[in-house]
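Letters A, B, ... mirror the listed sequences (proteins, then strands); counts begin at 1.
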2 protein chains.
Amino acid sequence: MARKPSANNSGSGPAGVPVRRVPMRDFSRSLPMSLLRAREAVMRQFRPSLRHHELTEQQWRILRALAAVETIEVTELARTAFLLGPSLSRILRDLEARELIERRVAEADQRRAVVSISADGLKLIEAVAPSSEAIYAAITRRYGARKLAELQDMLHALENSLSAMEVAEEGSAEPEQ
Amino acid sequence: MARKPSANNSGSGPAGVPVRRVPMRDFSRSLPMSLLRAREAVMRQFRPSLRHHELTEQQWRILRALAAVETIEVTELARTAFLLGPSLSRILRDLEARELIERRVAEADQRRAVVSISADGLKLIEAVAPSSEAIYAAITRRYGARKLAELQDMLHALENSLSAMEVAEEGSAEPEQ
DNA sequence: GAAAACTGATTAACATGTTAAGTGGTTCGG
DNA sequence: CCGAACCACTTAACATGTTAATCAGTTTTC
């Protein structure tokens, strides 16, 4: 288990000890990594259930978003389900082929598409919802309802903090003239 | 802005009001969604900087993990960088082609591959690290160092809670027999 | 010591993430 | 009006996520 000293001196440092060669925050403690790991731990609970219904996580997000409204435009749906346009386009195409959703063009503006869930789509949601809710309840029990609410608050606060923060453009490439 | 009552009665409920037609937790408040949104808010800050160096988020994770050790085996690297095997395989192939990493087979076990960062790879890290650290510092300032540490703790606690939780296999399909 | 079982890594196949480009439809300025 | 600008959506191209299958090397078992 102990890392064996290697004979690889082709790099730079003295071989044998795992040194941090560049001064940098410990990698595994970075915020993006923590968020990724936490999210993966949560999704690992849900994926099997979704999989048994031939649904991906994103398809499930879309169906749930659609179940909450009569109709919705594609752009608004992308915002709600937190998907980028291209992803949403592909998924809607597939869900439409499976007849889980319906789509028509808006009368007022021919550019816009209006989406709604189908009867089959609703049936599917009703089939998945119980186990999904059960899993969520189990997670809540394990972690603690109060702690979970607090975590959500902190996550939203983080999101709000950063939304106001402008992204550095780093003008070292593509000078834009 | 007010949702116009639609004439779509093909579903089930009385048309006109955006009703939640299936009893379910409000979608936008689900934990996976909160985690996803928070993570995206964070990554949005880093992506431009990485992009200027022709690096994806995952490639950056791998280079950073490699910079902390002399050598590492692929499986261990996957665990450290939190990537699945297939993703890692592809990325290592590309990074090797760009000569940012080096790879050789382990002497003791010909199945295993041992990876290390190259001199060019180290130079690249040194080029990216400053702005990366600056962004992280800015995020910390905005959100608050103490709050950030607390959030990390809660995320790790969540991860630990769920790792002990076994995933339901839901025997409704593929009876396994 | 060879077949069976196992293991580390890669490849395959399909779905999504991400950015850029394309395609119609709509609005605006002259 | 009519061409330029804009807008909603889709397509394209490439990278990663995810599961299953494959492949070579190693260990187990009889």
Should the pair [X]-[Y] be classified as a salt bridge under the 4.0 Å nitrogen-to-oxygen rule?
| X | Y | value |
| --- | --- | --- |
| Glu40(A) | Arg44(A) | no |
| Arg146(A) | Glu150(A) | no |
| Arg112(A) | Glu107(A) | no |

Original post:
If you find the nucleotide of DNA chain C closest to Leu88(A) and the one closest to Asp109(A), which residue's nucleotide is nearer the 5' end?
Top reply: Leu88(A)
Nucleotide [N], atom [atom2] - distance to [atom1] of [X] in whole Å:
| X | N | atom1 | atom2 | value |
| --- | --- | --- | --- | --- |
| Arg39(B) | dT16(D) | CZ | C1' | 12 Å |
| Glu76(B) | dG8(C) | CD | P | 12 Å |
| Gln58(A) | dC14(C) | CD | P | 18 Å |
| Gln59(B) | dG17(D) | CD | P | 11 Å |
| Ile62(A) | dT16(C) | CD1 | P | 8 Å |
| Leu84(A) | dA20(C) | CG | C1' | 13 Å |
| Glu54(B) | dA15(D) | CD | P | 10 Å |
| Arg61(A) | dG17(C) | CZ | P | 6 Å |

**OP:** Go through dT16(C), dT10(D), dT19(D) for me and flag the one nearest to the Asp94(A) side chain.
**Re:** dT16(C)
Original post:
Looking at the side chain of Gln110(B), which of dA12(D), dT26(D), dG8(C) is the nearest nucleotide?
Top reply: dT26(D)
**OP:** Hey, which sits more toward the 5' end of DNA chain D by its nearest nucleotide, Arg51(A) or Ile91(B)?
**Re:** Ile91(B)
**OP:** Would you mind telling me which residue lines up with the more 5' stretch of DNA chain D, Gly85(A) or Leu83(B), judged by nearest nucleotide?
**Re:** Gly85(A)
Original post:
Step by step, would you call Ser118(A) with Glu102(A) a side-chain hydrogen bond (donor to acceptor under 3.5 Å, both in side chains)?
Top reply: CA-CA 6 Å; Ser118(A) 72; Glu102(A) 288 158 12; 5.0 Å; no
For [X], which contact category applies under a 4.0 Å heavy-atom criterion: base, sugar-phosphate, or nothing?
| X | value |
| --- | --- |
| Ser87(B) | base |
| Ser89(A) | base |
| Glu40(A) | sugar-phosphate |

Closer than 4.0 Å, any side-chain N/O of [X] to the OP1 or OP2 of [N]?
| X | N | result |
| --- | --- | --- |
| Arg79(B) | dG8(C) | no |
| Arg44(B) | dT18(C) | no |
| Thr56(B) | dT16(D) | yes |

Original post:
Side-chain donor or acceptor of Arg47(A) under 3.5 Å from a matching atom on the base of dG17(D)?
Top reply: no
Original post:
Checking only heavy atoms, does the side chain of Arg111(B) share a donor-acceptor pair with the base of dT26(D) at less than 3.5 Å?
Top reply: no
**OP:** Check whether the side chains of Thr71(A) and Ser116(A) place a donor and an acceptor atom closer than 3.5 Å, and report yes or no.
**Re:** no
Original post:
Are Val114(A) and Ile72(A) close enough that some pair of their side-chain heavy atoms sits under 4.5 Å apart?
Top reply: no
